Amino acid sequence: MQISAPMPVPQKAQTATHHARHLSTSEATKESLFADTPTVIVPDTESPVGCSPSSATIAETIALARGHLDHPNAQEPLDDFEDDISDDSQLSSIVPDYVFGFDLDGVFLRGGHVIPEAKEALRILNGDNDEGIKVPYIFLTNGGGKTEKERCLDLTRQLDVPVSPEQFICGHTPMSEMGTEYHTVLVVGGEGEKCRHVAENYGFKDVITPGDLIKWKPSVCPFRKLTDEEYANSRTRDFTDVNIEAIFVFADSRDWASDAQIILELLMSKDGRMGTVSETFTEGPPIFFAHNDVVWSTSYDLTRYGMGALRIMIEALYKESTGKAIDVTSYGKPSKATFDYATRVMQQWRKDLFNDPAPPRMVYFVGDTPESDIRGSNEYDKHSESQWYSILVETGVYEPGTEPMYKPRRTVANVLEAVRFGMEREREKRAGKVPEV
């Protein structure tokens, strides 16, 4: 493939037609998090990255692009970036035709703590490099359990870099498209009521949690007693005549035993009604998992079991109970749907900002899990118009020195090395030192 010449920065008439709202980490409320508008989370810290207008450019422009992608017919006032950010925040005259995609846990965070090299990696991408190039990047994580905007508030505080929810794709993000398909749904996982809020924000009208069912009849899960807070937050309701149309596992279960008990009962029920048993075991609701990761990395020395392990347990218990296999739908990496959506976001970003409708030529995808990150990137590369170049870091699930089942194009110590490698590789390409493969 021939490398295209750098494109000039578009003139004012070519800039995006959506206004990106700046949301401060100290002023965010539940209502503002749920507002349906392109948003950029802005840190309150006085760090060089946090207070630099230029560091917000990538987050802001991706927010505008995805706002246009999600609402293509919206009629909004024309607003230029210059209304919100200073002239020196405009992109370099060199427009990179490559981007970075990142997993989050194990790449930027481990056990909730920032990996030491993470902030420097983002500073380089945001323009703190010899060429002054700002390289677009998005986050693709299988983690979830909160709204995308709430996750970005956390991420902005941790990394001191403005993050747009529109550049953040988590495992349950594609499920938002089913908000109008199902009315009454069971949502499983996460802390407290957060997954209920996610589902309601996606447009689901009648959202039930395991706590609601246990409050209705404690004998549903005889070994689990709701805490006072859980009991107060769970909704009082008679489920005798309620049909649950679908089950969504948005985040890791906090109580596998009770969640599995309820899920299995519904899967074997008549039309999703509690207390019933189907004679054919073909009348239960469909079940959707936000991702398929069996293990994940925490601050503990060894990996911990996650949502993929719960899925395996549900499948095994269903087969043991019914003699049949259950049809399960999983999203997240390595699901093609996740990579498809990420590609559309990046392609729209280039079209809105640079008047270039083509997808990025190269995507450097950086992850820590061979079974999801590397596998998904490698498989997507086989049919994608863009090239996907997988990079494995040694700061998460992958154990250095072992032979991964799914092999990356490159293995590096951490995300900073991944960024430096990708950018140096692109410089060498422009100089003709690296073949375009």
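When a residue number appears, it is its place in the shown sequence, counting from 1. As the structure is a computational prediction, the values presented were derived from the model and not from experiment.
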Check your understanding: Counting only N and O atoms by type, is there a donor-acceptor contact under 3.5 Å from the side chain of H172 to the main-chain atoms of G145?
Key -> yes

Practice item. Find out whether M274 and L266 are in side-chain contact, i.e. whether some heavy atom of one side chain is under 4.5 Å from a heavy atom of the other. Key: yes

Practice item. Could you pull out the closest heavy-atom pair between L310 and S253, with the gap in Å? Key: CD2-CB, 4.1 Å

Review point. Has the side chain of K215 got a donor or acceptor atom that lies under 3.5 Å from a matching backbone atom of S234?
Key: yes

Point to revise | Salt-bridge criterion met for R196 and D212 (N-O under 4.0 Å) | key: yes

Review point. So does E315 pair up with R311, basic N to acidic O under 4.0 Å?
Key: yes

Point to revise | Heavy-atom side-chain contact between L140 and I138 under 4.5 Å | key: yes

Exercise for review: Please state whether the rings of F108 and F102 are parallel, tilted or perpendicular, taking 30° and 60° as the class boundaries.
Suggested key: perpendicular

Exercise for review: Please check if the side chain of Q167 supplies one atom and the backbone of Y137 the other of a donor-acceptor pair under 3.5 Å.
Suggested key: yes

Check your understanding: Does any N or O in the side chain of T184 come within less than 3.5 Å of the main-chain N or O of I244, such that one atom is a donor and the other an acceptor?
Key -> no

Check your understanding: Are any of the side-chain heavy atoms of C221 and F223 separated by less than 4.5 Å?
Key -> no

Check your understanding: Quick one: do the T147 and N201 side chains pair a donor with an acceptor below 3.5 Å?
Key -> no

**Study point:** Donor + acceptor pair across side chains of D255, S258 (<3.5 Å)
**Key:** yes

Check your understanding: Do T276 side-chain atoms and R273 backbone N/O form a donor-acceptor pair below 3.5 Å?
Key -> yes

Review point. Can R425 and Y364 be counted as having a side-chain donor-acceptor contact under 3.5 angstrom?
Key: yes

Review point. Are the charged groups of K225 and E230 less than 4.0 angstrom apart, N to O?
Key: no

Exercise for review: Sort out for me which residue in D252, N292, V188 forms a side-chain contact (heavy atoms from CB on, under 4.5 Å) with M307.
Suggested key: D252

Point to revise | Salt-bridge present (R157, D154; N to O < 4.0 Å) | key: yes

Check your understanding: So, do R254 and D259 sit near enough that their side-chain heavy atoms are less than 4.5 Å apart?
Key -> no

Exercise for review: Assess K336 against Y380: is NZ or CZ under 6.0 Å from the centre of the six-membered ring, and within 45 degrees of the ring's axis?
Suggested key: no

**Study point:** Verdict with supporting geometry, F288 and M178, side chain to side chain contact (heavy atoms under 4.5 Å, CB included)
**Key:** CA-CA 11 Å; F288 304 91; M178 290 185 279; 4.0 Å; yes

Practice item. For the pair D373 (side chain) and T369 (backbone), establish whether a donor and an acceptor sit closer than 3.5 Å, ignoring hydrogens and angles. Key: yes

Exercise for review: Classify the side-chain pair D293/N142 by whether it contains a donor and acceptor separated by less than 3.5 Å.
Suggested key: yes

Exercise for review: For the pair E394 and Y398, evaluate side chain to side chain contact (heavy atoms under 4.5 Å, CB included) and give the outcome as yes or no after the intermediate values.
Suggested key: CA-CA 6 Å; E394 298 178 339; Y398 169 68; 4.0 Å; yes

Exercise for review: State, without any angle test, whether N414 and T395 hold a side-chain donor-acceptor pair at a distance under 3.5 Å.
Suggested key: no

Exercise for review: Determine, stepwise, if the pair R110 / D105 fulfils salt bridge (charged side-chain N to carboxylate O under 4.0 Å, His left out).
Suggested key: CA-CA 6 Å; R110 185 181 176 100; D105 291 310; over 6 Å; no

Exercise for review: For K217, look at atom NZ and say whether over 12 heavy atoms of other residues, nucleotides or ligands are found less than 6.0 Å away.
Suggested key: no

Point to revise | K407 atom NZ: more than 12 heavy-atom contacts under 6.0 Å | key: yes

Check your understanding: Does any N or O in the side chain of S386 come within less than 3.5 Å of the main-chain N or O of P360, such that one atom is a donor and the other an acceptor?
Key -> yes

Practice item. Examine distances only and state if a side-chain atom of S176 and a backbone atom of T173 form a donor-acceptor pair shorter than 3.5 Å. Key: yes

Study note, to complete from the structure: Rounding to 0.5 Å, atoms CH2 (W388) and NE2 (H383) come to a distance of 10.0 Å

Review point. Is it true that R237 and D206 make a salt bridge, defined as a side-chain N closer than 4.0 Å to a carboxylate O?
Key: yes

**Study point:** Any side-chain heavy-atom pair of V185 and I247 under 4.5 Å
**Key:** no

Exercise for review: Answer yes when R420 and E417 have at least one side-chain N-carboxylate O distance shorter than 4.0 Å, and no when they do not.
Suggested key: no

Exercise for review: Using a strict 4.0 Å threshold on nitrogen-to-oxygen distance, state whether E191 and K146 make a salt bridge.
Suggested key: no

**Study point:** ring-ring contact (aromatic ring centres under 6.0 Å, His included) partner of F365, the single match among Y98, F339, F100
**Key:** F339

Practice item. Determine whether the side chains of E283 and S269 contain a donor N or O and an acceptor N or O closer than 3.5 Å. Key: no

Exercise for review: Could you tell me whether the side chain of D368 and the main chain of V397 form a donor-acceptor pair under 3.5 Å?
Suggested key: yes

Check your understanding: Is there side-chain contact between L416 and E120, with at least one heavy-atom pair below 4.5 Å?
Key -> yes

Review point. Are Y305 and W296 near enough that their ring centres are under 6.0 Å apart?
Key: no

**Study point:** Step-by-step side chain to side chain contact (heavy atoms under 4.5 Å, CB included) determination, V161 to K119
**Key:** CA-CA 8 Å; V161 173; K119 293 182 181 181; over 6 Å; no

Review point. Within a strict 4.5 Å, meaning less than it, do heavy atoms of the S390 and R410 side chains meet?
Key: no

**Study point:** Pairing of K333 and E379 as salt bridge, 4.0 angstrom limit
**Key:** no

Check your understanding: Taking R235 for the side chain and N233 for the main chain, is one N or O donor matched with an acceptor at less than 3.5 Å?
Key -> no

Check your understanding: Is the number of heavy atoms from other residues, nucleotides or ligands under 6.0 Å of D327 CG greater than 12?
Key -> no

Exercise for review: Provide the closest heavy-atom pair for P165 versus K149 in the form atom of the first, atom of the second, distance.
Suggested key: CG-CG, 3.3 Å

Practice item. Evaluate the criterion side chain to side chain contact (heavy atoms under 4.5 Å, CB included) for residue pair E265 and V277; output intermediate values, then yes/no. Key: CA-CA 8 Å; E265 177 174 345; V277 179; over 6 Å; no

**Study point:** 4.5 Å side-chain heavy-atom contact, L392 and P370
**Key:** yes

